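The next block holds one structure in the form of structure tokens; read it before the comments.
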Amino acid sequence: MKYWLMKSEPSEVSIDDALRIGAAPWFGVRNYQARNFMRDQMQVGDGVLFYHSSCDEPGVVGIAEVASTPYPDATQFDAKSHYFDPKATPENPRWILVDVKAIRKTRVLSLAEMRANEDLASMVVLQKGSRLSITPVTVAEWKVVLKLLDKK
DNA sequence: GCCAACGTTGGC
DNA sequence: GCCAACGTTGGC
């Protein structure tokens with residue numbers, strides 16, 4: 001069992017959208033490192049911190065879990081999609097995803113608050129220049145974040 | 001809107 | 001295989 005932080009722009013898919021939709025494909029990842037995490041390392045049941053990025057108050061806003069094994073991202077084959085990839089074919093797909101199921105909404109644990117917490121200093125997502133939309137979270141970090149989320 | 005940091009592309 | 005130019009992410 002592993003833990004992850006996954007970024008989503010709320011204007012695309014917010015935590016409220018995710019809760020309404022239920023288990024859904026985490027489409028649109030076009031970074032190889034992030035893809036490889038989904039393809040090679042994620043397992044059904046892994047814990048996910050649902051993070052809002054590119055918005056007024058970036059931060060963790062909910063808890064989710066990995067809900068499928070990896071399979072090809074359908075948007076890569078759709079010429080009308082923003083995520084279309086002309087170099088990908090169904091026989092030779094480039095982009096692989098998993099389904100993610102939102103479990104609950106939490107308070108916003110803002111990026112600023114996370115940065116201010118010494119116990120989270122090692123989090124990959126907080127490292128300078130980190131832009132990865134999917135990053136691993138250690139068990140220790142997961143526990144600290146959950147405690148902070150349930151506070152107040 | 002700015003810009004730092006990083007990833008990708010493509011010429012050589 | 002190198003690396004400059006360009007594109008993207010994402011916080012501020």
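Please read these numbers as outputs of a predicted model, since none were measured by experiment. Chain A is the first sequence line, chain B the second, and so forth, proteins listed ahead of strands; every chain is numbered from 1.
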Would you mind building the protein contact string for nucleotides 6-12 of chain C? One character per nucleotide, 5' to 3', B for base within reach (heavy atoms under 4.0 Å), S for sugar-phosphate only, - for untouched. -BBBBS-

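Apart from Val44(A) itself, the hydrophobic cluster it occupies contains nothing, where clustering links Ile, Leu, Val, Met, Phe, Trp and Tyr at side-chain heavy-atom distances under 4.5 Å.
For Tyr32(A), the ring-ring contact (aromatic ring centres under 6.0 Å, His included) partners are Trp95(A), not counting sequence neighbours.
Using a cut-off of 4.0 Å between Lys/Arg side-chain N and Asp/Glu carboxylate O, Arg107(A) and Asp150(A) are scored as not salt-bridged.
In the model, Arg30(A) has a side-chain atom that pairs as donor or acceptor with a side-chain atom of Thr75(A) under 3.5 Å.
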Please walk me through it: do Asp99(A) and Tyr71(A) pass side-chain hydrogen bond (donor to acceptor under 3.5 Å, both in side chains)? CA-CA 9 Å; Asp99(A) 288 348; Tyr71(A) 64 98; 2.4 Å; yes

